[in-house]
*Asks:* 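Here it is, the structure, as structure tokens.
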Protein chains: 2
Amino acid sequence: MRALSSFREFKPPELDFVQQFKMGELVVDAGATIFLEGSDSPHIYTLLEGWALRYRMLESGRRQVLNFALPGDLIGLQSVLFDKMLHSVQALTPVRLCVFSRQRLWELYERHSGLAYDLTWIASREESILAEHLTYVGQRNALARLAYIIMHVMERCRKLGLVVNDTLATPITQQDLGDAMGLSIVHTNKTLRRLTATGAIEWRRGGIVVRNAAELTRLADYEKRETQPRPFI
Amino acid sequence: MRALSSFREFKPPELDFVQQFKMGELVVDAGATIFLEGSDSPHIYTLLEGWALRYRMLESGRRQVLNFALPGDLIGLQSVLFDKMLHSVQALTPVRLCVFSRQRLWELYERHSGLAYDLTWIASREESILAEHLTYVGQRNALARLAYIIMHVMERCRKLGLVVNDTLATPITQQDLGDAMGLSIVHTNKTLRRLTATGAIEWRRGGIVVRNAAELTRLADYEKRETQPRPFI
DNA sequence: CGTTACCTTGAATCTCCTCAATACACGTGG
DNA sequence: CCACGTGTATTGAGGAGATTCAAGGTAACG
């Protein structure tokens, strides 16, 4: 419930609306497909707990990971705006979802302009994340790409309190990282070993440790672009 | 004025609002920067005439072209939602812009839920275009990437009536294409020559001719994802 | 204790990049 | 009208980075 509100305070009527907007909860197994590209679902979700993956599958068998979905993330907005989903979403762990009705979204736009604004904001933030990924995949080498995507995930998880002792427990595999940054699994592995060798991070089965955050940022050749949301007045 | 409405019919009150929402027109020279990354503008625009480029510049001098802006496109929504632009926008030709006030956007959300919905829709469509670009840059080779980006531009321009006799007059350079698809200028050129040699397209100074659309689609290894907007009820 | 998913490493190959040089088109000023 | 500068396109050569193929190794799980 608080998931959506991670970036601002709700007003009481908004909270009421969101509360009755909620249709229930759904729990899916690890590995299950939450949305299939091309499908048309009557629901949208917010992720309450667990990890998920947004991706596009090609006929060749190749996969482009678009982003990771974390608690608080809205999933399936596209199936509201378009007549079908344009990417798939898969659970990486057992996942708990909050279910909303697609129908009642019209009401949201008519009665709660603040929440409508938030939806535009969410869509636009997703866009800017993809823009950043695209910039890395298009313009940087494997080492910088992997350093970046690890930074990106760590940073988001840090804000959610999922990072303890600079350690993040995550179901992400090297295959996932490679598919996100347009690298083969072999090159991903070799580059990840190089990255570990610098002492910036440690890669473990089921976890990532950041040993030297400054070095990681440097290796990612990261140019900070801090943004603040502009609140709805 | 009709630019924004390219995808649906406006209701009379919405039309009224948009009409008085407009603050005037702005004309900029070819090469001028419309938005600079990191800046904070009190205006947003729609492109009425001409070509523009959305891109991110890196300190290293490399550039990632995110997308091309065409007549009807909204420019600068990010400066409303965030406290700054996260990419730059540059005019490729002399450009005519319709200027709107950022302030009055709140009004739009409060009084015209249909238009608010449209803004979310626009943001989400931009996201899905970036997802498709990312998929190409991440998963396909130079030939498919270039075939794709040319298809993409031609398709959008076709809908705007800018393509006559399968020919598009465009200010896009090989450098632009390369920066969009993450390829060096040299490799872009060589691959473009190969693409021309197949007979699929013809590359001219200031123009692209599609000689064999089916072949171009095949070379792009394109998997069609037709979408319809879901109208606001 | 065997199966499965994930990680690791070496070798050969190829795509794509950088460097370098040249050609072509267009506009400007002498 | 021609010389010149500038932005764009073209081509060759050499090399770095990434891919594919192939073969193991390791941890988790029933």
Side-chain angles (χ1 to χ4, degrees), chain A residues 29-31 51 53 58 60-65 90-94 136-147 150 169-197 201-209 219 221, chain B residues 29-31 51 53 58 60-65 90-94 136-147 150 169-197 201-209 219 221:
Chain A
D29 291 339
W51 288 70
L53 204 61
L58 301 181
S60 60
R62 301 184 66 108
R63 180 181 70 155
Q64 177 65 47
V65 168
Q90 185 184 30
L92 290 182
T93 62
Y136 266 89
V137 174
Q139 306 300 328
R140 313 217 112 129
N141 64 20
L143 191 69
R145 287 189 220 174
L146 288 177
I150 288 172
T170 169
I172 294 177
T173 65
Q174 297 188 4
Q175 182 79 62
D176 296 331
L177 289 187
D179 287 352
M181 291 291 105
L183 298 168
S184 73
I185 172 82
V186 173
H187 199 53
T188 301
N189 179 271
K190 286 175 180 168
T191 308
L192 216 45
R193 307 259 89 245
R194 262 207 298 155
L195 194 53
T196 314
I201 62 153
E202 221 173 285
W203 178 269
R204 294 182 189 161
R205 225 162 253 262
I208 306 173
V209 187
L219 289 170
D221 209 355
Chain B
D29 292 339
W51 289 70
L53 205 61
L58 301 181
S60 61
R62 301 183 67 110
R63 182 182 68 155
Q64 176 67 46
V65 168
Q90 185 185 29
L92 291 181
T93 62
Y136 266 88
V137 175
Q139 306 301 328
R140 312 218 114 127
N141 63 20
L143 192 69
R145 286 188 220 174
L146 288 176
I150 288 172
T170 170
I172 294 177
T173 65
Q174 296 188 2
Q175 181 80 63
D176 296 331
L177 290 188
D179 287 353
M181 290 292 104
L183 298 168
S184 73
I185 172 81
V186 173
H187 199 54
T188 300
N189 179 271
K190 286 173 181 171
T191 308
L192 215 44
R193 309 261 86 243
R194 265 207 296 155
L195 194 53
T196 318
I201 62 152
E202 222 173 284
W203 179 269
R204 295 179 189 162
R205 225 162 251 265
I208 306 174
V209 187
L219 289 169
D221 208 355

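Here is how names work: the chains are called A, B, and so on, in the same order as the sequence lines, proteins then strands, and each is numbered from 1. Computed over heavy atoms, backbone and side chain alike; hydrogens, waters and symmetry mates excluded. Fair warning: this is a prediction, and the values are worked out from it, not measured in the lab.
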*Asks:* Measuring to OP1 and OP2 of D:dT10, would you say a side-chain N or O of B:N189 lies under 4.0 angstrom away?
*Replies:*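 Indeed, a polar side-chain atom of B:N189 lies that close.
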*Asks:* Students often get this wrong, so: under 4.0 angstrom with heavy atoms, is B:T173 touching a base, only sugar-phosphate, or nothing?
*Replies:*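 Contact class for B:T173: sugar-phosphate only.
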*Asks:* Roughly, in whole Å, what's the span from CZ in A:R140 to P in C:dC17?
*Replies:*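 Distance check: A:R140 CZ to C:dC17 P gives 15 Å.
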*Asks:* Could you say whether A:K190 or A:R204 is positioned toward the 5' end of DNA chain C, judged by the nucleotide with the nearest heavy atom to each?
*Replies:*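 Counting from the 5' end, the first nearest nucleotide belongs to A:R204.
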*Asks:* How close or far is atom C1' of D:dG17 from atom CG of A:N141, stated in whole angstroms?
*Replies:*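 It is 8 Å, rounded to the nearest whole Å.
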*Asks:* Let me know the distance between CG of B:L192 and P of C:dT15, rounded to the nearest Å.
*Replies:*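 Value for this atom pair: 18 Å.
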*Asks:* Counting only side-chain N and O atoms of B:R193, is one of them less than 4.0 Å from OP1 or OP2 of D:dT10?
*Replies:*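 So the side-chain polar atoms of B:R193 do come within 4.0 Å of the phosphate oxygens OP1 or OP2 of D:dT10, strictly under.
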*Asks:* Please confirm whether the backbone N or O of B:R145 pairs with a side-chain atom of B:R140, one donor and one acceptor, at under 3.5 Å?
*Replies:*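 Absent.
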*Asks:* So, does B:N141 use its side chain to make a donor-acceptor pair with the main chain of B:A144 at under 3.5 Å?
*Replies:*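 A pair under 3.5 Å: yes.
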*Asks:* Nearest whole angstrom, please: distance from the P of D:dT6 to the CD of B:Q175.
*Replies:*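 Going from CD in B:Q175 over to P in D:dT6 covers 18 Å.
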*Asks:* Are the side chain of A:Q175 and the backbone of A:I185 linked by a donor-acceptor contact shorter than 3.5 Å?
*Replies:*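 Such a contact is absent between A:Q175 side chain and A:I185 backbone.
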*Asks:* Counting heavy atoms from C-beta on, name the nucleotide in D:dT11, C:dT8, C:dC16 closest to the side chain of B:V186.
*Replies:*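 Side chain of B:V186 sits closest to D:dT11.
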*Asks:* May I have the distance from A:M181 (atom CE) to D:dA18 (atom P), rounded to whole angstrom?
*Replies:*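 My rounded result for the distance is 13 Å.
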*Asks:* Would you mind reading off the distance between B:L183 atom CG and D:dA9 atom C1', rounded to a whole angstrom?
*Replies:*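 Those two atoms, CG and C1', are 16 Å apart.
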*Asks:* Can you tell me the distance, in whole Å, between the CD atom of A:Q139 and the C1' atom of D:dA18?
*Replies:*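 In whole Å, D:dA18 C1' and A:Q139 CD are 17 Å from each other.
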*Asks:* Give a yes or no answer on whether the side chain of A:Q139 reaches the backbone of B:G182 with a donor-acceptor pair at less than 3.5 Å.
*Replies:*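 Side chain of A:Q139 to backbone of B:G182, a donor-acceptor pair under 3.5 Å: no, none is there.
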*Asks:* Rounded to the Å, how far apart are B:H187 NE2 and D:dT11 C1'?
*Replies:*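 In whole Å, D:dT11 C1' and B:H187 NE2 are 14 Å from each other.
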*Asks:* Can we say A:R63 and A:D176 salt-bridge, meaning some charged N sits less than 4.0 Å from an Asp/Glu carboxylate O?
*Replies:*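 Answer for the salt bridge query: yes.
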*Asks:* For A:G182, report the nucleic acid contact type (base, sugar-phosphate, nothing); a contact means any heavy atom under 4.0 Å.
*Replies:*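 Here A:G182 touches the backbone only, sparing every base.
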*Asks:* When the nearest nucleotide of DNA chain C is assigned to A:I172 and to A:G138 on a heavy-atom basis, which residue is associated with the more 5' position?
*Replies:*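 Taking each residue's closest nucleotide, the earlier one in sequence belongs to A:I172.
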*Asks:* Taking the side chain of B:R205 as heavy atoms from C-beta outward, which of D:dT8, C:dG10, C:dA5 is closest to it?
*Replies:*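 Nearest listed nucleotide: D:dT8.
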*Asks:* Contact class for A:R62 (heavy atom, under 4.0 Å): base, sugar-phosphate, or nothing?
*Replies:*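 Sugar-phosphate contact only.
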